[in-house]
Amino acid sequence: MAEDLKIIEGSKVEIYLSLIPQIKGLLDGEPDLVANLANVAAALKEQFGWLWVGFYLVKPATAVDGDKELVLGPFQGPVACTRIKKGRGVCGASWQNAATLIVPDVEKFPGHIACSSLSRSEIVVPLIKNNEVVGVLDVDSELPDQFDETDKKFLEEIVAAIKC
Ligand code: SME
């Protein structure tokens, strides 16, 4: 089955309004989480051309202390750090607070984890199931101040459409 994404030019809102039904179409009827995360990362990367788009999932830590940590999941972009502890970096803070974080300048975010030295701004959206964070969507841009309330609203809608 061909799965072609229709890429458009336009305002950010117009782009999301075109993209979201296509993403929902890709997710529709597919129960496999990894397949769905992979396609969402690819669709966002293809449409927006951001530096890095991907997911970290809450999984058991390698240490035997029973903790959990974020582990790298499906993504598009440069290779990235594989494990992030709760509260660490933007991803770990989003997990800890169960909230979307917009970082206009990563150099001003205390504890930011620089997986790529090219990253200048970032947005992280938690995936929430049964009131618990089960992962995060992380998006990085090479340009400063690239993410705003429009991205928050639509990326939260996209993440809510993923059945975890
Ligand atoms: N910058 C993130 C780490 C993940 S990479 O950007 C892919 C953070 O501070 O949590």
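Note that ligands are numbered from 1 as they come in the structure, with each ligand's atoms numbered from 1 the same way.
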Practice task
May I ask you to say whether Glu157 pairs ionically with Lys24, meaning some side-chain N is under 4.0 Å from a carboxylate O?
Solution key: yes
Problem - Backbone N/O of Val34 and side chain of Asp32: donor-acceptor pair under 3.5 Å - result: yes
Fill in the blank from the handout: Within the heavy-atom cut-off of under 4.0 Å, ligand 1 is lined by Trp52, Tyr56, Ala80, Ile84, Gly89, Val90, Cys91, His112, Ile113, Cys115, Glu122, Asp138, Asp140
Handout entry: Side-chain ion pair, Arg120 and Glu142, N-O less than 4.0 Å
Key = no
Exercise for the section: Apply side-chain contact (heavy atoms from CB on, under 4.5 Å) to Val159 and Val136, showing your working. Expected result: CA-CA 9 Å; Val159 158; Val136 298; over 6 Å; no
Practice task
Of all the heavy-atom pairs spanning Leu127 and Cys164, show the shortest one and how long it is.
Solution key: CD2-SG, 3.6 Å
Problem - Centroid-centroid distance, Phe147 to Phe48, less than 6.0 Å - result: no
